Amino acid sequence: MEIIGIGAGDPGHVTVAAVAALNRADVIFLLDKADAARELSDLRQAILDAHVPAGGHRLVRAQDPERVRTEAGYGEAVSDWRARRADVCADMLAEHLGPGETGAFLVWGDPALYDSIISVVDDIRARGAGFEVTVHPGISSVSALAARCGTTLNQVGGAVQVTTGRRLARGWPTDVDDLVVMLDSREAFAGFADDPDVHIHWGAYVGTADEVIISGPLAEVADEIRETRARARAAKGWIMDTYLLRRKPGSV
Ligand SMILES: C[S@@+](CC[C@H](N)C(=O)[O-])C[C@H]1O[C@@H](n2cnc3c(N)ncnc32)[C@H](O)[C@@H]1O
């Protein structure tokens, strides 16, 4: 079984190793998200068309189970969602992967960052499935954002923390001046818009034709980001955005 990171939208961000793995696969498995299903499927199809022009594989898609979004019991909701995801994936494999065939799961960005496929596949193996797993790294939305903004993620000798909007909403973590924030539906950056020492690099749909990048002192660009975000989300019905919040070292 191959787990293949395909980058966050730009077909040019697929590695040579990932292309080779895609071309080896007999069956490619896709989990489609309900809200963004159509456009994300089209983007993934464009990546496949660019790198597996001869086809030759079978494409098997299933609907990614919905996560129940409640504030209470977040950990349990995620565990339950992962278990249902493992059930869906196990069924796909049992039904569509023949003996001796190679299957591949496509993963958005890098499989190592906020994606559950590695643990889902581990779970399926723990249930007795006898296959080997190879993980192919991909260019994450984080790397793509930093590159598009022409910046590094850390300041000289400093640490950087990758976190979520949910966590940032509880406060700026201690001992770190650079934060990469993903999965932020609540615009947690707005809570720091009064701080004159915070700078933001924000990107939505990075690497795709709809990419939007806004960089600047947070106090000056926070409202613009919120308005741009709301407009883009309303127009497309979904948004994927990531940002780097940078504080001057020693400013607290
Ligand atoms: C479930 S995580 C998947 C992350 C993915 N494995 C990666 O390496 O980028 C989804 C989050 O990734 C970020 N993301 C994914 N693709 C993006 C893109 N093209 N532009 C901006 N952010 C993106 C957003 O923060 C989104 O909420």
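Everything numeric in this text was worked out from a predicted model, so none of it was measured. All ligand and atom numbering here is 1-based and tracks the order in the structure.
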Contacts satisfying salt bridge (Lys or Arg N to Asp or Glu O under 4.0 Å) that involve residues 99-123 (not counting sequence neighbours) are Arg58-Glu101, Asp123-Arg127
Identified side chain to side chain donor-acceptor pair (under 3.5 Å) partner of Arg246 from the options Asn154, Asp178, Asp197:
Asp178
Contact list for residues 3-17, test salt bridge (Lys or Arg N to Asp or Glu O under 4.0 Å), sequence neighbours left out:
none
Would you indicate whether the side-chain heavy atoms of Arg44 and Ile6 approach each other to under 4.5 Å?
yes
According to the ring pair (Phe, Tyr, Trp, His ring centres under 6.0 Å) rule, which pairs have a member within residues 189-231, sequence neighbours left out?
Trp172-Phe192, Phe189-Tyr243, His199-His201, Tyr205-Trp238
Sorted by chain and residue number, the residues with a non-hydrogen atom under 4.0 Å of ligand 1 are Ala8, Trp108, Gly109, Asp110, Leu113, Tyr114, Ser140, Ser141, Met182, Leu183, Gly203, Tyr205, Val206, Met240, Asp241, Thr242
Identified salt bridge (Lys or Arg N to Asp or Glu O under 4.0 Å) counterpart of Asp241 within the set Arg186, Arg229, Arg233:
Arg229
